[in-house]
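Every value quoted in this text rests on a predicted model; they were computed, and no experiment measured them. Chain letters run A, B, ... following the sequence lines, proteins first, then strands; residues in each count from 1.
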2 protein chains.
Amino acid sequence: MALLGLLFGKPGHGYDLHRTVIADLGEVWHLSQSQAYAILRRLEAQGDIAAKEIQQAKRPARQLLRMTAQGRRRFLKWLATPNGGSTRSIRMEFVTRLYFLQALMPDRVDSAIAQQTGEAALHLERLRGARAALASKQVYSWMSLDLRIRQLEVVLGWLADCRTSLLLNPNPKQKET
Amino acid sequence: MALLGLLFGKPGHGYDLHRTVIADLGEVWHLSQSQAYAILRRLEAQGDIAAKEIQQAKRPARQLLRMTAQGRRRFLKWLATPNGGSTRSIRMEFVTRLYFLQALMPDRVDSAIAQQTGEAALHLERLRGARAALASKQVYSWMSLDLRIRQLEVVLGWLADCRTSLLLNPNPKQKET
DNA sequence: CTGATATACTCACCGAGTGAGTAATTCGGG
DNA sequence: CCCGAATTACTCACTCGGTGAGTATATCAG
């Protein structure tokens with residue numbers, strides 16, 4: 001979805017998309033070049049992006065990629081979908097959503113954070129319930145769940161801090177690594 | 001490695017191994033049956049386990065699996081290897097190591113926790129360094145790293161709590177779900 | 001006696017991810 | 001002016017993680 005989103009508005013080449021992800025979201029995703037191309041092939045096969053071969057004088061042809069109408073729909077839908085209670089997906093997908101929201105529709109950043117906070121709080125309650133329901137014999141399941149709960153608690157504080165720092169510091173202008 | 005470890009000492013069937021994982025480590029790993037069999041096939045291909053076909057009167061043959069000497073070496077090596085600084089691998093692999101350590105060599109539990117704490121603290125320092133080194137432009141990489149740091153801090157507290165609760169409550173006797 | 005549950009697997013498929021390789025162009029330095 | 005290093009732009013082969021459905025038999029409760 002990050003690769004798809006980078007084609008929002010302006011077409012581009014696989015190579016550049018990968019470089020942009022590295023530069024802007026390098027600590028969020030670890031994306032190898034081959035993986036990027038594999039994902040782009042899939043997006044094309046699904047009809048979310050379309051490629052145009054551009055013949056060049058001396059170099060081999062390059063593929064200019066653009067988002068299709070379907071891809072646009074899917075991207076916007078993804079952009080509005082909260083990321084549930086997995087810490088991992090919050091650290092990766094949710095941060096990525098913030099990246100695009102800030103760039104494309106900065107007025108929605110605040111509500112996205114609020115929405116995600118709600119999701120996380122809900123999930124936290126479910127996990128607390130599950131932890132309480134575990135038999136005392138299941139020590140290791142309990143330990144694992146307990147860690148997840150503590151981490152979600154941290155996420156809630158982090159989300160609040162994200163909100164204040166993004167509101168104080170609007171439009172951070174990325175891409176200038 | 002969890003599947004391999006369950007064959008330590010006593011041979012067993014893929015079916016039972018899967019069930020044991022579900023029962024004892026259900027919140028640690030989410031392992032489908034087919035995935036379990038796939039992993040077992042790989043372990044066999046690698047020579048960590050060996051299968052013996054057991055013909056039965058009316059039913060189709062079952063595979064009795066046992067650990068090989070090589071598998072034993074690999075398992076014991078894994079059991080002594082700390083899990084670095086990924087919160088995920090701490091929640092999953094490290095907890096699994098504790099599960100086996102408690103069952104097979106309970107006297108090593110304490111030092112394993114201490115060792116893992118050291119690893120986590122080290123990693124935490126590295127992450128803090130990386131966060132400090134980030135350009136102020138890279139807002140989203142910063143956010144993601146910041147969350148990882150907060151989560152590792154939580155992990156350190158959790159590890160300390162694990163230690164006290166496992167020492168107070170030795171040999172929890174699993175498998176009775 | 002019949003239908004749910006338990007036992008014990010297999011198969012086909014997709015997505016995530018790595019590492020190496022290819023092939024051209026540009027650019028800086030001796 | 002030429003050589004080598006970096007940059008641009010991509011491909012290939014492979015392994016691992018994971019899902020969902022299907023198969024076949026046996027047991028057991030109502």
Side-chain angles (χ1 to χ4, degrees), chain A residues 1-4 6-7 11-23 25-26 28-49 51-66 74 78 86 88-89 91-93 96 175 177, chain B residues 1-4 6-7 11-23 25-26 28-49 51-66 74 78 86 88-89 91-93 96 175 177:
Chain A
M1 284 301 139
L3 288 173
L4 180 58
L6 288 175
L7 291 171
H13 302 285
Y15 185 82
D16 301 317
L17 301 182
H18 173 246
R19 302 218 50 212
T20 306
V21 168
I22 299 294
L25 303 169
V28 187
W29 303 98
H30 293 291
L31 181 66
S32 71
Q33 204 189 26
S34 50
Q35 176 69 355
Y37 281 108
I39 290 167
L40 290 170
R41 262 198 298 281
R42 176 156 38 93
L43 287 171
E44 194 186 350
Q46 289 173 357
D48 291 333
I49 65 179
K52 186 163 47 165
E53 287 251 310
I54 293 192
Q55 297 301 332
Q56 291 177 113
K58 300 185 172 183
R59 303 197 195 191
R62 339 157 64 190
Q63 305 256 316
L64 187 66
L65 305 170
R66 61 173 184 76
R74 281 166 58 95
W78 171 79
S86 147
R88 191 186 172 80
S89 88
R91 188 171 49 81
M92 306 181 73
E93 284 209 56
T96 305
K175 268 185 208 173
T177 319
Chain B
M1 285 301 140
L3 288 173
L4 179 57
L6 288 176
L7 290 172
H13 302 286
Y15 184 82
D16 300 316
L17 300 182
H18 173 247
R19 303 219 47 216
T20 305
V21 169
I22 300 294
L25 302 168
V28 186
W29 303 98
H30 293 291
L31 180 67
S32 71
Q33 203 189 28
S34 49
Q35 176 69 354
Y37 281 109
I39 290 168
L40 290 171
R41 262 197 299 280
R42 176 156 40 91
L43 287 171
E44 194 187 350
Q46 288 172 357
D48 291 332
I49 64 179
K52 185 164 49 167
E53 287 252 309
I54 294 192
Q55 297 302 332
Q56 292 177 112
K58 302 185 170 182
R59 304 197 192 191
R62 339 158 63 191
Q63 305 257 315
L64 187 65
L65 305 170
R66 61 173 183 78
R74 282 166 58 94
W78 171 80
S86 147
R88 192 186 172 79
S89 86
R91 188 170 49 80
M92 305 180 74
E93 285 208 56
T96 305
K175 267 183 205 170
T177 315

Length of the CG-C1' vector between B:Leu43 and D:dC16, whole Å: 12 Å

Sequence neighbours excluded, the answer for side chain to side chain donor-acceptor pair (under 3.5 Å) partners of B:His18 is none

Does anything in residues 29-36 of chain B reach DNA chain C, meaning a heavy atom under 4.0 Å, and if so which residues? B:Gln33, B:Ser34

Not counting sequence neighbours, which residues clear side chain to side chain contact (heavy atoms under 4.5 Å, CB included) with B:Arg66? List them please. B:Pro11, B:Ala50, B:Thr68

Any side-chain N or O of A:Arg62 less than 4.0 Å from the OP1 or OP2 oxygen of C:dA24? no

Integer-rounded Å distance: D:dG18 P and B:Tyr37 OH: 18 Å

Does B:Ser89 have any side chain to side chain donor-acceptor pair (under 3.5 Å) partners at least two apart in sequence or in another chain, and if so, which? none

Which atom of B:Val21 lies closest to which atom of B:Leu6, heavy atoms considered: CG2-CD1, 3.7 Å

Gap between atoms CD and P, on A:Gln63 and D:dA9 respectively (whole Å): 12 Å

Non-neighbouring partners of A:Gln46 that pass side chain to side chain contact (heavy atoms under 4.5 Å, CB included), sequence neighbours left out: A:Arg42, A:Leu43, A:Asp48, A:Arg74

Taking atom P of D:dA13 as reference, at what distance in whole Å does atom CZ of A:Arg41 sit? 11 Å

B:Arg42 side chain N/O closer than 4.0 Å to the phosphate oxygens (OP1, OP2) of D:dG17? yes

D:dT25 P sits how many Å from B:His13 NE2, rounded? 19 Å

ring-ring contact (aromatic ring centres under 6.0 Å, His included) against A:Trp29, all qualifying residues, sequence neighbours excluded: none

Between C1' on C:dA16 and CE on A:Met1, what's the gap in Å once rounded to a whole number? 15 Å

Given atom OH of A:Tyr15 and atom P of C:dT26, what is their separation to the nearest angstrom? 14 Å

Separation of D:dG18 atom C1' from A:Arg88 atom CZ, nearest Å, is 14 Å

